[in-house]
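In what follows, a structure is listed as structure tokens, so that the remarks can point back to it.
Per chain, numbering begins at 1; letters A, B, ... match sequence-line order.
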Protein chains: 2
Amino acid sequence: MLAESEIEHLENIVQRKKILKKGEFLYHAGDHFEAIHAIRSGSLKSYTISSDGTEQITGFHLPGEIVGLNAISHSTYPSFAKALETSLVCTIPFDKLETLSRDIPGLQKQIFHVMSNEIRDEQNLMMLLSKKNADERFAAFIMNLSARYGRRGLSSKEFQLTMTRSDIGNYLGLAVETVSRLVTRLQGNGLIGIQDRYIQITDMDGLSALAGTSCHH
Amino acid sequence: MLAESEIEHLENIVQRKKILKKGEFLYHAGDHFEAIHAIRSGSLKSYTISSDGTEQITGFHLPGEIVGLNAISHSTYPSFAKALETSLVCTIPFDKLETLSRDIPGLQKQIFHVMSNEIRDEQNLMMLLSKKNADERFAAFIMNLSARYGRRGLSSKEFQLTMTRSDIGNYLGLAVETVSRLVTRLQGNGLIGIQDRYIQITDMDGLSALAGTSCHH
DNA sequence: CGAATGTTTGAGGATGCTCAAGGGATGTGG
DNA sequence: CCACATCCCTTGAGCATCCTCAAACATTCG
């Protein structure tokens with residue numbers, strides 16, 4: 001996550017924007033790595049294909065976030081990045097960024113911070129996957145999206161889920177049917193309201209409590 | 001993961017070693033962040049304490065690996081790091097490293113790579129947690145340790161598990177009892193041999209196949 | 001030597017998956 | 001514009017995996 005000002009700073013350095021329509025790829029697994037990407041608008045999902053051919057979603061990416069950090073140590077991207085909706089992406093050649101970061105005070109620190117944040121975010125997600133039940137996972141997922149939208153100055157109380165129920169299930173390690181049932185149940189509990197993919201958090205505290213570390217009753 | 005030569009390089013830069021006995025902390029969650037740490041020998045576990053007071057293990061750390069990368073973007077460590085056995089750790093003040101990396105060609109790249117690797121490793125673990133069943137998780141866990149020991153020039157076929165069954169279960173999102181049963185079963189299948197915490201991989205291909213992405217029969 | 005911690009095994013039960021089916025939305029070609 | 005295919009979402013019923021609870025034994029440590 002970068003602040004708006006920081007992204008603009010990067011944009012001034014490297015002016016190379018790209019528009020992706022829904023379903024189009026930012027990159028494929030195996031593509032030669034040469035750049036990381038800042039999302040200006042829209043959303044993407046990252047995923048790999050496992051040996052049995054199934055999709056394995058590793059993350060969703062919202063405006064203000066950086067995609068491609070997991071490729072830096074390799075010559076190729078280890079995952080696919082696909083647009084969930086029409087999206088505007090700013091491409092930042094990494095060798096250029098590396099060089100610049102040696103001269104521009106603060107830029108290197110910036111990159112370290114972004115990467116460190118990603119590491120910590122993923123550790124949180126790991127905990128979620130290994131310790132929480134279906135309800136808690138889904139609640140944590142929604143709260144996470146809420147916080148990320150909120151940070152960008154967008155509404156943290158209501159927003160569009162740009163991914164399918166199937167994507168959510170894939171990401172959270174749940175069956176589609178389970179996700180569907182969760183949506184229904186949490187709506188019944190009065191925690192959320194959902195109309196298709198438009199979600200409103202009607203009880204932020206309640207949802208937060210559910211998402212919070214499991215007390216198992 | 002750093003190569004032996006790279007660690008020595010770092011050591012020459014910052015000569016500050018520390019010996020930890022089993023159960024001692026390298027740092028606590030909330031401690032002021034000022035350094036990352038390279039493990040020379042022994043092993044550690046990282047964990048957080050959730051709001052209900054239970055331990056949540058986020059990783060095990062072996063010789064040659066770096067601990068503390070998830071703290072860079074914050075002023076404090078987000079997790080605990082505790083020695084699983086007597087361990088030798090090399091502490092690297094991060095501000096010093098940051099400064100040096102601007103002058104020493106390759107060092108900055110080195111850090112980027114280490115961090116990028118950690119991001120990718122965690123994405124792999126996420127997939128494991130969200131997609132695999134108990135047998136596959138455990139097999140993947142053992143294969144992962146095997147590869148990491150192998151990379152350090154140690155035996156990848158037999159090694160000591162320095163963590164408890166409970167730690168393994170905590171990390172993999174399984175109950176202790178399940179881990180215990182898995183050990184028994186995989187031993188019965190002839191994939192591994194275990195004597196207390198000393199494990200031998202007797203069928204590397206078989207274990208690898210089990211660890212490999214689930215075909216669910 | 002007693003206490004705490006770690007490991008194993010068994011029995012029962014709950015959570016979440018699989019399988020099945022139907023409806024709604026979207027898109028494409030005739 | 002309609003027919004048809006495809007994808008997405010929902011709901012139900014049965015079942016499997018893995019957790020919980022319980023107990024016994026081993027090991028470590030003060």
Sole candidate of B:T164, B:L172, B:I168 that passes side chain to side chain contact (heavy atoms under 4.5 Å, CB included) when paired with B:V179
B:I168
To the nearest Å, give me how far apart CD (B:E85) and P (D:dT28) are.
15 Å
For B:L174 and C:dT7, give me the distance from atom CG to atom P, rounded to whole Å.
15 Å
Between CG of B:L182 and P of C:dT9 the distance, given in whole Å, is 12 Å
Winner on side-chain proximity to A:N133, out of D:dT20, C:dG16, C:dC17, is C:dG16
Rounding to an integer number of Å, can you tell me how far A:K21 NZ sits from C:dT26 P?
19 Å
Hey, are A:S46 and A:H61 close enough side-chain-wise for a donor-acceptor pair under 3.5 Å?
yes
What is the distance from CZ of B:F138 to P of D:dC18, rounded to the nearest Å?
14 Å
What integer distance in Å separates A:K132:NZ from C:dT15:P?
18 Å
Without decimals, in angstroms, what is the distance between B:R185 CZ and C:dT9 P?
12 Å
For atom CD of B:Q195 and atom P of D:dA26, their distance in whole Å:
14 Å
Tell me whether the centres of the aromatic rings in A:F112 and B:F94 are closer together than 6.0 Å.
yes
Quick test of your reading: applying salt bridge (Lys or Arg N to Asp or Glu O under 4.0 Å), list the pairs with at least one residue in residues 179-194 of chain A, sequence neighbours left out, ordered by first then second residue.
A:D135-A:R185
My understanding is that only residues two or more places apart in sequence, or in another chain, count here; which of them pass side-chain contact (heavy atoms from CB on, under 4.5 Å) with A:D31?
A:Y27, A:H28, A:Y77
Mind checking whether A:H113 and B:I72 have side chains closer than 4.5 Å, heavy atoms only?
yes
N/O-N/O pairs, protein side and nucleotides 8-16 of chain D side, under 3.5 Å:
unit_1: D:dC9; atom_1: OP1; unit_2: A:R197; atom_2: NE; d: 3.1
unit_1: D:dC9; atom_1: OP1; unit_2: A:R197; atom_2: NH2; d: 3.4
unit_1: D:dC9; atom_1: OP2; unit_2: A:R165; atom_2: N; d: 2.8
unit_1: D:dT10; atom_1: OP1; unit_2: A:R165; atom_2: NH2; d: 3.4
unit_1: D:dT10; atom_1: OP2; unit_2: A:R165; atom_2: NE; d: 2.9
unit_1: D:dT10; atom_1: OP2; unit_2: A:S180; atom_2: OG; d: 3.1
unit_1: D:dT10; atom_1: O5'; unit_2: A:S180; atom_2: OG; d: 3.1
unit_1: D:dT11; atom_1: OP2; unit_2: A:T184; atom_2: OG1; d: 2.8
unit_1: D:dG12; atom_1: N7; unit_2: A:R181; atom_2: NH1; d: 2.8
unit_1: D:dG12; atom_1: O6; unit_2: A:R181; atom_2: NH2; d: 3.3

Please work out if B:G173 contacts a base, only the sugar-phosphate, or nothing of the nucleic acid, heavy-atom cut-off 4.0 Å.
sugar-phosphate
